[in-house]
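FYI, side chains are in, hydrogens and waters are out, and symmetry mates aren't considered; it's all heavy atoms of this structure.
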Amino acid sequence: MAENMQIMPPPGGFVGPVKRSVTIAGHATSISLEPIFWRALDDAARVRGLPLNAVIAQVDALRIMADDPPNLASALRSWVVSERIAILEVCERL
């Protein structure tokens with residue numbers, strides 16, 4: 001069944017990174033992510049009832065505990081994809 005699914009571009013097409021300024025632990029920083037990742041982060045913040053900066057700060061805190069921490073943008077992308085995979089896995093079990 002899945003082999004017949006056509007691959008389509010994301011809504012809005014393929015778009016390069018967009019830089020946004022955020023505040024983490026009282027320090028301003030800028031992060032460049034593709035719009036689809038910003039949307040997923042905004043969705044995650046909304047679902048949790050948290051400001052976007054709070055979600056980013058929590059991911060950053062987890063990131064810096066890693067043995068070989070990736071850059072923040074990579075950590076955010078990885079976290080967003082892992083969140084979406086977890087949601088799909090829950091839906092598949094229903």
Ignoring hydrogens and geometry, is there a side-chain-to-backbone donor-acceptor pair from R63 to P70 under 3.5 Å?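 Between the backbone of P70 and the side chain of R63 there is a qualifying donor-acceptor contact (under 3.5 Å).
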
Is there a continuous path of hydrophobic side-chain contacts, each under 4.5 Å between heavy atoms, that joins [X] to [Y]?
X	Y	value
V15	F37	no
I31	L62	no
I87	L50	no

Between D43 and R48, does at least one N-O distance fall below 4.0 Å, as a salt bridge requires?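 So D43 does not pair with R48 through a salt bridge.
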
Roughly how far, to the nearest 0.5 Å, is CZ of R20 from CG of L41?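 One finds 8.5 Å between CG of L41 and CZ of R20.
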
Using 0.5 Å steps for rounding, measure from the CD1 atom of I24 to the OG1 atom of T29.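 So the gap between those two atoms works out to 6.0 Å.
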
[X] versus [Y], closest heavy-atom pair with distance:
X	Y	value
S74	N71	N-OD1, 2.7 Å
A73	L33	O-CD2, 3.7 Å
V18	W38	O-NE1, 2.9 Å
A40	V80	CB-CG1, 3.2 Å
K19	S32	CE-OG, 3.5 Å

Inspect the surroundings of CD1 in I7 and state if more than 12 heavy atoms from other residues, nucleotides or ligands are less than 6.0 Å away.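 No - once you tally the heavy atoms of other residues, nucleotides and ligands closer than 6.0 Å, there are 12 at most.
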
Using a 6.0 Å cut-off, check whether atom CZ of R39 has over 12 heavy atoms from anything other than its own residue.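 For R39, atom CZ is not crowded (no more than 12 foreign heavy atoms under 6.0 Å).
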
Residues in side-chain contact (heavy atoms from CB on, under 4.5 Å) with I85, at least two apart?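 Residues passing side-chain contact (heavy atoms from CB on, under 4.5 Å) with I85: V81, E89.
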
Partners passing side-chain contact (heavy atoms from CB on, under 4.5 Å) against V47 (at least two apart in sequence or in another chain):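 Partners of V47 under the side-chain contact (heavy atoms from CB on, under 4.5 Å) test: none.
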
Evaluation steps, side-chain contact (heavy atoms from CB on, under 4.5 Å), between I56 and L72: CA-CA 9 Å; I56 292 172; L72 181 55; 4.2 Å; yes

